[in-house]
Q: 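The structure follows.
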Amino acid sequence: MTEFPKKLKAKLTERRDNNALRKLPMPKGLIDFSSNDYLGLAGNEAIFIKASKLLEKKGARANGATGSRLLTGNYNLYAELEEALSSFFGSESALVFNSGYDANIGFFSAVPQRTDVVFYDELSHASIRDGIGMGRAQSYKFKHNQLEDLSRQIDRARENKIDSDIYVVTESVFSMDGDTPDLKALSVLCLSKGAYLVVDEAHAVGVFGNRGEGLLNELGLQDMVFARVVTFGKAMGCHGAAILGSDVLKSYLVNFARSFIYTTGMPPHSLATILAACEHLSAPGVEQQELRDNIGFFKDQLRAHELEAYFIPSNSAVHCCLVEGNEKVKKWAQHIQEKGFDVKPILSPTVPKGQERLRFCLHSFNRENEIKDVLLILSDLFD
Ligand SMILES: Cc1ncc(COP(=O)(O)O)c(C=O)c1O
């Protein structure tokens, strides 16, 4: 075998020297404070059985889609699923992508055009930034959740580029912070400035909304946005994503989104599982209330242990405690893990240097005593 390129070796060495080398962890059977399975649906047997029965009923005894959806990979379950998603999330149309990553790179590489401008929150997920990077529009970041900064930048762009379409993208729950922009004010701002608003709801689906339709729905703002990205690999416990918007947006993406066109469609069991998870959320269930109770209890405990000041304010399932420096945050996470709790350190460069953190993901199935115990361990670390 030829020698591994020296330049790449040097990059790995630099990562190791910065205490930031990524490795694939194996499950250790710890108490889950780190997965995105907020409602415990990934292991929900009723959903598994419902999906299997649906496949039997449809006679969909295939292991794979056999091709791109534009060639041989489209089939009835896709139409059924997209119809069900439009109805569940309250949108004119839904287009399923193989993942949230694919949805974001597909959208942002295809929709904003060369003469257009994209404004994105500086903490936007990598998939949004990668998509923008693959596209041809000019792009500028705005300060995290700061609408005055965004407004100023839009005005400046409008002065110089009268004919440009302007796109604004944010997340309704930030994946590495758990916080939320003022979505109402943002929708109004975009409307008043004629900008197209795109909201990634990956971490809000299943958590917010009456049945888990997301935060825009909970706030009644779903019709004020140009597009929503919803993902199924987090609270819905399965895999895949959809872009919600108008029929014409769907048609545009089918024609121009390369991550949709040039890839094999999803296998029938993936679609059946999303359908079953969607049905599960539509019926009155206990998981969402349990999650909400746990979020409330976690916040009460933060106050009781005087830990609030170390945490980024959040009403979502993601709660982050700032612990500066890769070495320190890794050491703290290891200590907490040794006590039996799976809390992950988030290192730079995933987050900006100096803002390394412990990320606590809360779930419907976490017990109150687990929350109490893990925060007690954290509190001792601060002493
Ligand atoms: C905000 C956000 N958008 C998109 C994605 C990508 O979703 P998926 O895991 O389905 O590729 C993630 C995943 O971490 C995310 O946090």
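Both counts, for ligands and for their atoms, begin at 1 and track the order of listing. Since the model is a prediction, treat every value here as computed from it, not as a measurement.
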Q: Show me the pairs that pass salt bridge (charged side-chain N to carboxylate O under 4.0 Å, His left out) and involve residues 227-252, at least two apart or across chains.
A: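 Listed once each, the pairs are E82-K250.
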Q: Taking only Lys NZ, Arg NE, NH1 and NH2, and the carboxylate oxygens of Asp or Glu, determine whether K143 and D121 approach each other closer than 4.0 Å.
A: no
Q: Non-hydrogen atoms closer than 4.0 Å to ligand 1: which protein residues do they belong to? List them by chain and number, please.
A: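 These residues qualify: S99, G100, Y101, N104, H125, S127, E171, S175, D200, A202, H203, T231, K234.
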Q: Around atom CD of E122, are there more than 12 heavy atoms from other residues, nucleotides or ligands closer than 6.0 Å?
A: yes
Q: For residues H144 and D179, is any side-chain donor paired with an opposing acceptor at under 3.5 Å?
A: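 Side-chain D/A pair, H144 to D179: present.
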Q: Around atom NZ of K330, are there more than 12 heavy atoms from other residues, nucleotides or ligands closer than 6.0 Å?
A: yes
Q: Judged by modelled atom types alone, do S164 and D116 share a side-chain donor-acceptor pair under 3.5 Å?
A: no
